[in-house]
Amino acid sequence: MLGIIGGSGFYSAGYKEYLRHIKIGTEYSDAPVPIELIEIEQPFVFLARHGADHHIPPHEINYRANIDALRQTGVTEIIAINAVGGIAEGTGPGSIIIPDQLIDYTYGRQSTFCSQRKQFVKHVDFSFPFDRCLSDRLINAIDTINDESGASRPVVAEGVYGVTQGPRLETAAEIQKMRRDGCDIVGMTAMPEAVLAREADIKYGLVALSVNWAAGILPTEVTMEEIEAVMADGNQFLRRVLAQVIRA
Ligand code: HPA
């Protein structure tokens, strides 16, 4: 079954008439994890990473509870939706990026299911953090939506996602360093989500919506107003992309 993880500005799957709210208890959290179960021809589940009202900041998301809850509901593949800042040419506000690599700059997050207590040690291969097949399905869906609607939403079909700790945005110098490291986009939530999915044997693909140029790419400061304007419109487009993935 497909699981969708929604990021900033993406707090419900929609599909109101087919939707059931469930809560899944896990050993990683006191509170059960709220999940939407959408019972259409191809049932799927949806989880809002920041909570349904965006009260959980990136560094405090319980990534382990989220992935374990999805695993328990029978999810075998995840499409993660992320708002990011653009660093490389072609990744400006409004564009969609399907990254094929990541660099993890986060710290202090619970980033593994391995534990001595559980006598569970697993050194997963993580050479290619995103599932190629899911990425291809996303790219095909975007091409279809662009063709059908005569839209020309720019899509970048590869790239390196640099994952920062947040919740603050980066300094211009940090973005310059990340650019030298080879990062094309910057966001705060792909890790440890991606590696926990790998440990749980769940395929993981990611679609990123650029909502701003990263710090220092333009001479001006990054404002929340510009981010929110791009986000509303971009997430509408992503809803159509997801519907197409589910249909295909
Ligand atoms: N940096 C980090 N995360 C982000 C950004 C950014 O500029 N924009 C959206 N998420």
Side-chain angles (χ1 to χ4, degrees), residues 4-11 47-51 53-63 66 78-109 111 129-130 138 153-156 158-195 204-239 241:
I4 293 169
I5 302 182
S8 295
F10 213 114
Y11 306 120
L47 185 155
R49 185 190 285 124
H50 297 284
D53 53 357
H54 202 137
H55 65 284
I56 313 171
H59 64 296
E60 287 183 356
I61 291 167
N62 192 332
Y63 296 94
N66 287 353
I78 289 172
I79 289 178
I81 304 169
N82 288 61
V84 298
I87 300 174
E89 204 178 311
T91 64
S95 56
I96 307 263
I97 304 95
I98 316 289
D100 60 341
Q101 277 296 331
L102 65 77
I103 298 177
D104 186 7
Y105 300 93
T106 67
Y107 48 86
R109 301 184 181 187
S111 59
F130 302 111
L138 283 162
R153 172 80 52 173
V155 187
V156 183
E158 60 188 9
V160 180
Y161 180 140
V163 197
T164 55
Q165 177 71 356
R168 68 165 176 85
L169 299 175
E170 299 70 34
T171 67
E174 285 168 339
I175 293 297
Q176 282 310 313
K177 174 180 182 285
M178 291 178 74
R179 197 210 276 265
R180 288 194 296 275
D181 282 355
C183 295
D184 298 302
I185 53 175
V186 54
M188 301 174 189
T189 49
M191 284 296 279
E193 203 172 78
V195 74
Y204 186 91
L206 189 148
V207 54
L209 168 70
S210 170
V211 293
N212 59 286
W213 281 113
I217 301 288
L218 300 180
T220 48
E221 292 176 7
V222 182
T223 69
M224 283 319 288
E225 290 74 32
E226 70 170 281
I227 288 183
E228 271 156 24
V230 180
M231 202 177 270
D233 173 61
N235 279 335
Q236 274 313 106
F237 184 82
L238 284 182
R239 280 185 191 283
V241 171

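When a ligand or atom number is given, it counts from 1 through the structure's own listing order.
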Could you go through residues 79-94 and list every donor-acceptor pair under 3.5 Å that involves a side-chain atom there, pairing it with any protein atom two or more places apart or in another chain?
from	atom 1	to	atom 2	distance (Å)
Asn82	OD1	Arg49	NH2	3.3
Asn82	ND2	Tyr161	OH	2.9
Asn82	ND2	Thr189	OG1	2.8
Thr91	OG1	Ile87	N	3.2
Thr91	OG1	Ala88	N	3.3
Thr91	OG1	Ala88	O	2.5

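- Counting only heavy atoms from C-beta outward, the side chains of Val241 and Leu138 approach each other to under 4.5 Å.
- Counting only N and O atoms by type, the side chains of Glu170 and Thr164 include a donor and acceptor under 3.5 Å apart.
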What pairs of donor and acceptor atoms, side-chain ones from residues 175-183 against any protein atom, are under 3.5 angstrom apart with sequence neighbours left out?
from	atom 1	to	atom 2	distance (Å)
Asp181	OD2	Tyr105	OH	2.5

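- Sorted by first and then second residue, the side chain to side chain donor-acceptor pair (under 3.5 Å) pairs involving residues 230-239 (not counting sequence neighbours) are Arg153-Asp233.
- Two residues are said to be in side-chain contact when any heavy atoms from C-beta on lie closer than 4.5 Å; His59 and Arg109 meet this criterion.
- Closer than 4.0 angstrom to ligand 1 by heavy atom are Ala83, Val84, Gly85, Leu169, Glu170, Val186, Gly187, Met188, Val211, Asn212, sorted by chain and number.
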